[in-house]
Chemist: 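For reference, the structure I am asking about is given below.
In what follows, every chain begins at residue 1, and chains take the letters A, B, ... in the order their sequences are listed.
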Amino acid sequence: MRRFRVYDSMSRSVRPFVPILPPRVGLFVCGMTPYAEAHIGHGRTAVTFDVVARALRRWGYRVFYVQNVTNLDDKVLARAGEEGVDPLLLAERHFAAYRASMARLGVISVDHYPFATDYVPEILRQIATLVERRAAYAAAGSVYFDVGSFPEYGRLSGNRIDEPRPGARLEPDPAKRRPEDFALWKAASPGEPSWESPWGPGRPGWHIEDTAITLRLLGERYDLHGGGLELKFPHHEAEIALAESTTGTAPLVNYWMHAGLLTMKGEKMAKSLGNVVRLDTILDRVGPGVLRFYYLNAVYRNPLEFEDPKSLDEAGEAYDRLLLPARRISEEIARAPSDRAGRELPPDLAREAAAVVDRMDDFLAEDFNTREAIGALFGWSRRLAPIFPELSGFAIGALLDLERPYRWAADLLGLGGESPPLPSGAVGPLVEVVLAARARARARGDFAESDRLREELRAVGVTVEDGASGSRWSYTEPPAG
RNA sequence: GCCGAGGUGGCAGAAUGGUUAAUGCGACGGACUGCAGAUCCGUUUCCUGGGGGUUCGAUUCCCUCCCUCGGCUCCA
């Protein structure tokens with residue numbers, strides 16, 4: 001197991017990571033409420049923790065990564081009411097779309113997506129315990145958590161609830177003892193899905209589902225908890241209060257990680273502000289590599305500004321440049337017979353390839369600094385640029401060595417790694433035939449014919465580029481439409 | 001008001017108590033080219049919100065002020 005350090009929001013410092021039960025690591029990340037399409041802010045958080053999980057696994061930890069799905073809450077009910085559909089089906093539908101978007105984004109590391117409503121028995125048991133311990137009280141068919149019963153409330157966020165709060169937007173609720181108390185169980189309204197309980201029919205409140213799920217799946221105490229920064233207060237604060245009040249065990253988690261928010265014109269992306277950009281919209285435009293590059297080119301904890309289309313254009317340029325050597329190398333490998341003879345790598349170059357991988361790994365191990373890791377990879381690409389013309393002279397093993405830093409980036413960051421689509425069967429040789437004809441046309445100065453052939457190849461997805469050492473071609477999906 | 005995170009070059013965005021503050025984008029110049037594209041090389045040595053302080057030395061540590069954003073409702 002590789003040692004690494006994480007910024008822990010609770011202690012506000014970068015700390016060495018020590019698992020409770022090595023090599024196992026319990027990772028919980030607050031997931032989404034599936035009442036609308038995922039936007040690129042969700043994507044940022046998802047990619048952040050995807051990289052965390054990928055890295056930990058690569059480093060020898062056995063990660064169990066759980067991400068909950070709040071499939072029933074006020075938002076889901078409201079949206080379902082508008083559309084006139086069953087709330088749980090609405091949630092199901094949006095969750096399916098979310099999974100599909102995540103798959104496109106290359107988020108492959110989540111082990112389990114538990115639904116809140118599948119944990120109602122656990123939730124009810126936990127509420128009963130809290131009531132028994134006088135940390136929660138029933139009122140008018142609902143049950144509320146008594147924030148005053150938990151002196152530590154506010155420690156994560158630095159908020160203190162005993163202060164006057166002129167800016168607070170909490171509405172006084174006569175059922176609550178104090179405005180900060182929050183519902184664990186909400187009395188059923190007509191037409192809503194509800195479950196029987198000792199306090200009457202109702203449904204779970206928001207905060208309690210996470211701890212009911214984690215107590216069951218990850219235990220009373222686990223390693224890592226992640227989520228968007230906006231959830232720090234009150235949601236994560238509530239989780240801590242609920243779990244620790246229930247079990248008497250503290251702390252609930254050893255490391256808190258919070259992902260910075262995606263902003264547009266300085267403001268966070270949020271539906272209420274009307275500035276959301278759907279994840280699928282972007283993925284339709286640029287593909288997963290560019291979007292992941294855009295996210296990972298910043299430090300996960302800091303705000304990241306998104307400007308459409310500038311951010312993605314720049315990311316696209318940089319991403320293509322970054323991975324150009326990787327594409328050249330894998331094309332070379334794909335086209336060459338596996339037993340091809342060729343030069344071995346100069347020893348210094350082989351050493352450098354290994355050193356680049358180590359450096360990137362080191363950066364990642366220091367609070368997941370993907371930006372610096374990418375910077376190191378840029379260095380490698382610059383290093384390789386001058387030896388492009390020699391590529392075909394290397395043995396396969398040498399090419400594989402040169403490729404190592406890119407494979408690292410594909411495995412841990414999910415950047416690149418898509419093998420270039422090569423046409424199958426006779427297409428390759430046929431392209432060569434056409435190119436030979438084109439070369440003859442160029443040789444006799446018939447540039448009209450040459451350009452015509454280039455255009456026709458492009459129409460079927462073959463891009464031809466002339467260079468000093470002849471023409472090279474690559475295959476991309478034929479232009480749509 | 002309280003809590004938290006930030007203010008770095010044209011832009012995006014790192015890093016560090018100490019040689020020319022990374023990297024990328026963009027821009028400019030050059031090479032290559034029939035053209036196009038791509039690529040390569042070079043330049044972009046006058047960038048760390050304001051003011052104090054600690055220090056031989058701070059962008060980095062401390063104080064203060066200003067500004068922005070986030071949280072204090074649901075929110076990745």
Chemist: Ignoring the backbone of A:Arg12, work out which of B:G24, B:G4, B:C74 is nearest its side chain.
Modeler: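 Between B:G24, B:G4, B:C74, the one nearest the side chain of A:Arg12 would be B:G4.
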
Chemist: On RNA chain B, check which nucleotide each of A:Val464 and A:Leu262 is closest to and give me the residue with the more 5' one.
Modeler: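 The residue whose closest nucleotide sits nearer the 5' end is A:Val464.
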
Chemist: Looking only at heavy atoms, which two atoms of A:Pro87 and A:Val76 are closest? And how far apart?
Modeler: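 Answer, listing the atom of A:Pro87 first, then A:Val76: O-CG1, 3.5 Å.
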
Chemist: Distance check needed: B:A15 P versus A:Arg359 CZ, whole Å only.
Modeler: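 About 14 Å, once rounded to whole Å.
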
Chemist: With the threshold set at under 4.0 Å for non-hydrogen atoms, list the residues of residues 438-448 of chain A touching RNA chain B in residue-number order.
Modeler: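 Nucleic-acid contacts, sorted: A:Arg438, A:Arg442, A:Phe447.
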
Chemist: Taking only the P atom of each, what is the distance from B:U16 to B:C61 in whole angstrom?
Modeler: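 That atom pair is separated by 10 Å.
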
Chemist: Could you measure between the two P atoms, the one in B:G52 and the one in B:G70, and give it in whole Å?
Modeler: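 Nearest-Å result for B:G52 against B:G70 at atom P: 32 Å.
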
Chemist: Show which side-chain atoms of residues 144-152 of chain A pair as donor or acceptor with protein atoms under 3.5 Å away, not counting sequence neighbours.
Modeler:
{"unit_1": "A:Asp146", "atom_1": "OD1", "unit_2": "A:Gly148", "atom_2": "N", "d": "3.0"}
{"unit_1": "A:Ser149", "atom_1": "OG", "unit_2": "A:Asp146", "atom_2": "O", "d": "2.7"}
{"unit_1": "A:Glu152", "atom_1": "OE1", "unit_2": "A:Arg155", "atom_2": "NH1", "d": "3.1"}

Chemist: Could you walk me through whether A:Lys310 and A:Glu314 pass salt bridge (Lys or Arg N to Asp or Glu O under 4.0 Å), step by step?
Modeler: CA-CA 6 Å; A:Lys310 186 166 171 262; A:Glu314 286 186 8; 3.5 Å; yes

Chemist: When the distance from CZ of A:Phe378 to C1' of B:C40 is rounded to whole Å, what number comes out?
Modeler: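 So the CZ-C1' distance, A:Phe378 to B:C40, works out to 16 Å.
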
Chemist: What integer distance in Å separates A:Asp320:CG from B:G37:C1'?
Modeler: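 Distance, rounded to whole Å: 13 Å.
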
Chemist: What does A:Leu229 touch in the nucleic acid at a heavy-atom separation under 4.0 angstrom: a base, only the sugar-phosphate, or nothing?
Modeler: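 A:Leu229: no heavy atom of the nucleic acid under 4.0 Å.
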
Chemist: Can you pull out the residues from residues 63-73 of chain A that lie within a 4.0 Å heavy-atom distance of RNA chain B?
Modeler: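 Within residues 63-73 of chain A, no residue comes under 4.0 Å of RNA chain B.
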
Chemist: Taking for each residue the nucleotide of RNA chain B with the nearest heavy atom, is it A:Ala385 or A:His207 whose nucleotide lies nearer the 5' end?
Modeler: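 The 5'-side residue here is A:Ala385.
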
Chemist: Under 4.0 angstrom, heavy atoms only, what part of the nucleic acid is A:Arg382 near: base, sugar-phosphate, or nothing?
Modeler: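 The answer is sugar-phosphate, as A:Arg382 gets under 4.0 Å only of primed atoms, P, OP1 or OP2.
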
Chemist: Let me see the working for A:Arg452 and A:Glu455 under salt bridge (Lys or Arg N to Asp or Glu O under 4.0 Å), right down to the final yes or no.
Modeler: CA-CA 5 Å; A:Arg452 191 182 64 80; A:Glu455 276 316 302; over 6 Å; no

Chemist: Rounded to the nearest Å, what distance is computed from the CD1 atom of residue A:Ile374 to the P atom of nucleotide B:A15?
Modeler: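 Atom CD1 in A:Ile374 sits about 13 Å away from atom P in B:A15.
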
Chemist: So A:Gly31, base contact, sugar-phosphate only, or nothing? Heavy-atom distance under 4.0 Å.
Modeler: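 The answer is sugar-phosphate, as A:Gly31 gets under 4.0 Å only of primed atoms, P, OP1 or OP2.
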
Chemist: Determine the contact category for A:Glu465: base if any of its heavy atoms lies under 4.0 Å from a base atom, sugar-phosphate if only primed atoms, P, OP1 or OP2 are that close, otherwise nothing.
Modeler: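 If one applies the 4.0 Å heavy-atom cut-off, A:Glu465 turns out to touch a base.
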
Chemist: What N/O pairs connect the protein and nucleotides 9-13 of chain B at under 3.5 Å? Give each pair on its own line.
Modeler:
{"unit_1": "B:C11", "atom_1": "O2'", "unit_2": "A:Lys310", "atom_2": "NZ", "d": "2.3"}
{"unit_1": "B:G13", "atom_1": "OP1", "unit_2": "A:Glu305", "atom_2": "N", "d": "3.0"}

Chemist: Calculate the interatomic distance between A:His94 atom NE2 and B:A76 atom C1'; express it in whole Å.
Modeler: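 My rounded result for the distance is 16 Å.
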
Chemist: Regarding A:Leu324, tell me which of base, sugar-phosphate or nothing describes its non-hydrogen contacts under 4.0 Å with the strands shown.
Modeler: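 A:Leu324: backbone/sugar contact only, no base atoms under 4.0 Å.
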
Chemist: Quick check: closest heavy atoms across A:Ala441 and A:Ser450, and the distance to 0.1 Å?
Modeler: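 Smallest heavy-atom distance, with atoms named: CB-N, 4.3 Å.
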
Chemist: Base, sugar-phosphate, or nothing for A:Gly41, non-hydrogen atoms under 4.0 angstrom?
Modeler: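 Base contact.
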
Chemist: Can a side chain N or O of A:Lys268 be found less than 4.0 Å away from OP1 or OP2 on B:G71?
Modeler: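 Yes, A:Lys268 has a side-chain N/O under 4.0 Å of OP1/OP2 on B:G71.
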
Chemist: State the dot-bracket string of RNA chain B. Criteria: Watson-Crick or G-U wobble, both atom distances under 3.5 angstrom; notation: ( ) intrastrand, [ ] crossing earlier pairs, | interstrand, . unpaired.
Modeler: (((((((..(((.....[....)))((((((.......))))))....(((((..]....))))))))))))....

Chemist: Which whole-number value in Å describes the distance from A:Trp256 CH2 to B:A5 P?
Modeler: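 These atoms are roughly 17 Å apart.
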
Chemist: Just jot down the side chain to side chain contact (heavy atoms under 4.5 Å, CB included) partners of A:Ala243, sequence neighbours excluded, or say none.
Modeler: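 With sequence neighbours excluded, A:Ala243 shows a side chain to side chain contact (heavy atoms under 4.5 Å, CB included) to A:Thr211, A:Leu252, given in chain and number order.
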
Chemist: Could you give the distance separating B:G50 and B:G29 at their P atoms, to the nearest angstrom?
Modeler: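 The answer is 34 Å between these two P atoms.
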
Chemist: Mind calculating the distance between OH (A:Tyr153) and C1' (B:C2) to the nearest angstrom?
Modeler: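 After rounding, the reported distance stands at 15 Å.
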
Chemist: Indicate the ring-plane relationship of A:His225 and A:His236, choosing parallel, tilted or perpendicular according to the 30° and 60° boundaries.
Modeler: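 The rings of A:His225 and A:His236 stand perpendicular, inter-plane angle above 60°.
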
Chemist: For residues A:Phe95 and A:Phe115, establish whether the separation of their ring centroids is below 6.0 Å.
Modeler: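 Yes, they do, as the ring centres are separated by less than 6.0 Å.
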
Chemist: Please pick, from B:G70, B:C25, B:A38, the nucleotide with the shortest atom-to-atom distance to any side-chain atom of A:Arg328.
Modeler: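 Of the options given, the side chain of A:Arg328 lies nearest B:A38.
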
Chemist: Of the nucleotides B:C25, B:A76, B:G34, which one has an atom closest to the side chain of A:Glu317?
Modeler: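 My answer, after comparing the listed nucleotides, is B:C25.
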
Chemist: We want to know whether A:Glu432 and A:Trp473 form a side-chain donor-acceptor pair, criterion being a heavy-atom distance below 3.5 angstrom.
Modeler: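 Per modelled atom types, A:Glu432 and A:Trp473 side chains form a pair under 3.5 Å.
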
Chemist: Would you say A:Arg321 reaches B:C25's phosphate, i.e. side-chain N/O to OP1/OP2 under 4.0 Å?
Modeler: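 Indeed, a polar side-chain atom of A:Arg321 lies that close.
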
Chemist: Show the nearest heavy-atom pair for residues A:Asp466 and A:Arg454, with the distance to one decimal.
Modeler: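 It is OD2-NH1, 3.7 Å.
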
Chemist: Checking A:Arg321 against A:Ser381 for the side chain to side chain contact (heavy atoms under 4.5 Å, CB included) test, could you report, in this order, the C-alpha distance in whole Å, the side-chain angles of both residues, the deciding distance, and whether it holds?
Modeler: CA-CA 8 Å; A:Arg321 183 75 59 91; A:Ser381 289; over 6 Å; no

Chemist: What heavy-atom pair brings A:Gly226 and A:Phe49 nearest, and what distance separates the two atoms?
Modeler: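 That closest heavy-atom pairing would be CA-CZ, 3.5 Å.
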
Chemist: On a whole-Å scale, what distance lies between the P atoms belonging to B:A15 and B:C72?
Modeler: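 Per the computed distance, 28 Å lies between those P atoms.
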
Chemist: Could you please name the option among B:C40, B:A36, B:C2 that lies closest to any side-chain atom of A:Asn159?
Modeler: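 Of the options given, the side chain of A:Asn159 lies nearest B:C2.
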
Chemist: Picking from B:A36, B:G70, B:C25, which would you name as closest to the side chain of A:Arg454?
Modeler: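 Selected nucleotide: B:A36.
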
Chemist: Kindly assign one of parallel, tilted or perpendicular to the pair A:His42 and A:His39, based on the angle between their ring planes and the thresholds 30° and 60°.
Modeler: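 If you compare the ring of A:His42 with that of A:His39, the planes turn out tilted.
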
Chemist: Given the P atoms of B:C46 and B:G9, what is the spacing between them in whole Å?
Modeler: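 My reading of the P atoms in B:C46 and B:G9 gives 12 Å.
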
Chemist: The side chain of A:Glu267 is closest to which nucleotide in this list: B:G70, B:G24, B:A15?
Modeler: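 Of all the options, the side chain of A:Glu267 is nearest to B:G70.
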
Chemist: For A:His235, answer base if it contacts any base atom (sugar-phosphate contacts may also be present), sugar-phosphate if it contacts only those atoms, and nothing otherwise; contact means non-hydrogen atoms under 4.0 Å.
Modeler: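 Nothing, no nucleic acid heavy atom in range.
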
Chemist: To the nearest Å, give me how far apart CE (A:Met360) and C1' (B:U23) are.
Modeler: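 About 14 Å, once rounded to whole Å.
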
Chemist: Are there more than 12 heavy atoms of other residues, nucleotides or ligands under 6.0 Å from atom CZ of A:Arg359?
Modeler: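 No.
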
Chemist: Pick out which of A:Thr214, A:Leu217, A:Ile213 makes a side-chain contact (heavy atoms from CB on, under 4.5 Å) with A:Asn68.
Modeler: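 The option that passes is A:Ile213.
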
Chemist: So if I apply the ring-ring contact (aromatic ring centres under 6.0 Å, His included) rule between A:His207 and each of A:Trp185, A:Phe182, A:Tyr153, A:Phe233, which one comes out positive?
Modeler: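 Of the listed options, the one satisfying the test is A:Phe182.
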
Chemist: Between A:Arg104 and A:Asp284, is a salt bridge (Lys or Arg N to Asp or Glu O under 4.0 Å) present by the stated rule, with each step listed?
Modeler: CA-CA 10 Å; A:Arg104 292 180 73 188; A:Asp284 288 343; 2.8 Å; yes

Chemist: What contact category does A:Ser450 fall into here, base, sugar-phosphate, or nothing, at under 4.0 angstrom with non-hydrogen atoms?
Modeler: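 If one applies the 4.0 Å heavy-atom cut-off, A:Ser450 turns out to touch a base.
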
